[in-house]
Number of protein chains: 2
Amino acid sequence: MPGKMQRIPDVVIRRLPVYLRYLHQLQEYEVETVSSQQMGVDLNLNPAQIRKDLSIFGDFGIKGMGYKVAELAEQISEILGLNKEIPIVLVGVGNLGAALCRYNRYQESATKIIGIFDGHPSKIGQQHGSLEVRPMEELTEFVQQHKVKLAILATPPAAAQSVCDALVAAGIKAILNFAPLLLQAPPHVRVSNADVTSELQALAYYLHG
Amino acid sequence: MPGKMQRIPDVVIRRLPVYLRYLHQLQEYEVETVSSQQMGVDLNLNPAQIRKDLSIFGDFGIKGMGYKVAELAEQISEILGLNKEIPIVLVGVGNLGAALCRYNRYQESATKIIGIFDGHPSKIGQQHGSLEVRPMEELTEFVQQHKVKLAILATPPAAAQSVCDALVAAGIKAILNFAPLLLQAPPHVRVSNADVTSELQALAYYLHG
DNA sequence: TAGATTGTTAATCGATTAACAATC
DNA sequence: TAGATTGTTAATCGATTAACAATC
């Protein structure tokens with residue numbers, strides 16, 4: 001669909017990592033091709049939806065045959081921009097932050113935490129894996145020097161908005177926010193909320209009803 | 001709207017905790033009433049949507065005046081079932097699990113982790129806050145004895161599906177899944193995915209484009 | 001009362017799904 | 001070729017938003 005401009009819904013973008021992980025799994029079992037029908041069964045999705053999602057980005061399938069697993073995985077990686085390493089800064093090295101930090105090392109994903117920051121003096125210099133906690137004062141320079149565009153925010157809620165502002169000012173384009181509050185950020189900065197308490201509260205609804 | 005039966009979209013349920021937190025914030029500032037207009041501005045939502053969401057559950061507002069903050073917070077808590085403590089079991093006490101465990105104590109929310117479990121022998125008996133890691137063998141009995149309906153799954157992906165099966169068999173009704181894989185669960189069990197890698201990969205898309 | 005704001009209906013918008021011609 | 005499965009159009013479904021009568 002060359003040249004055709006079109007807004008891609010966020011809900012589609014959020015399914016791409018799901019497809020990608022599934023394809024990687026198939027690769028482990030040395031499956032070479034897969035149909036949208038089969039994907040639909042395994043992922044609990046409508047096959048037409050899967051085909052539609054994929055066809056937004058190109059004609060990746062082969063009629064009568066399905067999709068080549070390795071090729072499709074490659075294409076989705078490319079769409080998401082995962083072919084090169086994506087550097088991340090993490091701000092707030094508390095319980096959760098430290099866990100994410102260690103978690104980071106075992107994952108083989110393009111996204112990689114390369115700098116960790118905390119506002120609390122006692123934390124500065126602490127070692128987490130191969131990373132040392134840096135003071136907030138170094139944030140802007142670090143982000144700009146390493147061309148970091150993605151940040152994880154895991155501070156206490158009281159500090160979150162000012163950290164967010166600092167990240168935005170430093171040129172960050174997207175934030176994964178674990179702090180339990182609604183961040184105010186300009187429209188060109190994408191914020192994704194991953195607050196555990198809210199998730200649990202929403203699930204609580206389904207326990208009665 | 002007494003007696004009127006209607007399916008409530010998940011997207012509405014997921015907004016309720018957002019409203020609730022906002023109302024709690026207003027309470028801290030001793031704001032007594034709030035209009036959907038004001039809420040819309042502060043939460044970046046359409047006021048009509050907020051009114052519609054709330055009116056599904058009852059007539060909580062006062063025409064010409066707005067909503068009483070304390071009363072609305074109470075109502076939403078009730079809708080979500082947060083008026084009584086909601087016991088949670090956490091399975092998988094790795095980095096993330098342990099962090100969630102400690103995190104748990106500082107939050108003042110109705111949802112509370114009361115039992116933590118791990119399949120790895122070396123972890124059994126470890127203390128995390130006031131909780132001691134229990135062996136998987138005790139899971140079913142614990143869940144049933146304490147009438148636990150909500151679980152957090154934070155095991156490595158290889159163990160996740162069998163843990164999920166065990167949780168379902170024990171009578172769990174909802175699972176917050178941090179493991180990076182798609183869990184297969186029966187329709188009466190609600191699964192919410194909170195996989196960090198997928199979140200980051202989706203955000204990666206917005207860094208170029 | 002006059003002004004403000006709700007709850008709700010109707011209009012709009014957007015996403016999902018069914019259906020099928022194209023074609024491997 | 002016959003069977004299978006894509007990419008895409010059209011139909012459906014559902015969620016968001018605008019508009020406004022009801023009313024505090």
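Treat the numbers as computed from the prediction; the structure is a model and nothing was measured. Per chain, numbering begins at 1; letters A, B, ... match sequence-line order.
The A:Asp59 side chain lies nearest to D:dG7 when the options are C:dA15, C:dG7, D:dG7. Comparing D:dA15, C:dT16, C:dA15 by their nearest atom to the side chain of A:Pro9 picks out C:dA15.
Residues satisfying the salt bridge (Lys or Arg N to Asp or Glu O under 4.0 Å) test with B:Glu138, not counting sequence neighbours, are B:Arg134. Taking A:Glu141 as the reference, nothing meets the salt bridge (Lys or Arg N to Asp or Glu O under 4.0 Å) condition, with sequence neighbours excluded. Residues passing the salt bridge (Lys or Arg N to Asp or Glu O under 4.0 Å) test with A:Lys173, sequence neighbours excluded: none. The side chain to side chain donor-acceptor pair (under 3.5 Å) check on B:Arg21 picks up A:Asp195, A:Ser198, with sequence neighbours excluded. In this view, A:Tyr67 satisfies the ring pair (Phe, Tyr, Trp, His ring centres under 6.0 Å) rule with no residue, not counting sequence neighbours.
If you take CG of B:Asn44 and C1' of D:dT17, they are 16 Å apart, rounded to a whole angstrom. Straight-line distance from the CG atom of A:Leu54 to the C1' atom of D:dT8: 14 Å, rounded to whole Å. In this entry the distance linking CG of B:Leu72 with P of C:dT6 reads 11 Å, nearest Å. Taking atom CE of A:Met39 as the reference point, atom P of D:dT5 lies 14 Å away to the nearest angstrom. Summarising the geometry, the separation between CG on A:Asp53 and P on C:dT17 is reported as 11 Å, rounded to the nearest angstrom. Following rounding to the nearest Å, B:Ile50 (CD1) and D:dT16 (P) show an atom-to-atom distance of 12 Å. Here the C1' atom of nucleotide C:dC13 and the CZ atom of A:Arg7 are 11 Å apart, to the nearest Å. In this structure, B:Asp10 places its CG atom 11 Å from P of D:dT16, rounding to the nearest Å.
A donor and an acceptor atom, one from each side chain of A:Gln49 and A:Asp53, are nowhere located under 3.5 Å apart.
Each salt bridge (Lys or Arg N to Asp or Glu O under 4.0 Å) pair with one or both residues in residues 64-93 of chain A, not counting sequence neighbours, would appear here, but there are none.
Across every non-hydrogen atom of A:Leu54 and A:Tyr19, the tightest pair is CD2-CD1, 4.1 Å.
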Nucleic acid footprint by protein, nucleotides 18-24 of chain D - heavy-atom cut-off 4.0 Å, B for base, S for sugar-phosphate alone: BB--BBB
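Contact annotation: B:Tyr67 does not reach the phosphate of C:dA4 (side-chain N/O to OP1 or OP2, under 4.0 Å).
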Pairs of donor and acceptor atoms involving the side chains of residues 183-194 of chain A, under 3.5 Å and at least two apart or interchain, shall be tabulated with distances.
unit_1	atom_1	unit_2	atom_2	d
A:Gln184	NE2	B:Asp42	O	3.2
A:Arg190	NH2	A:Asp10	OD1	3.4
A:Ser192	OG	B:Glu199	OE1	3.0
A:Asn193	OD1	A:Asn177	ND2	2.9

Can you give me every donor-acceptor pair (side chain of residues 23-34 of chain B, partner residue at least two apart or in another chain, under 3.5 Å) with its distance?
unit_1	atom_1	unit_2	atom_2	d
B:His24	ND1	B:Gln27	OE1	3.2

Pairs under 3.5 angstrom only: tabulate donor-acceptor contacts from the side chains of residues 142-153 of chain A to other protein residues two or more places apart or in another chain.
unit_1	atom_1	unit_2	atom_2	d
A:His146	ND1	A:Phe142	O	3.1

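A stem is defined here as three or more consecutive Watson-Crick or G-U pairs, each with both distances under 3.5 Å; for DNA chain C these stems are C:3-24 with D:3-24.
Residues of residues 18-38 of chain B that place a heavy atom closer than 4.0 Å to DNA chain C, in numerical order, are B:Ser35, B:Ser36.
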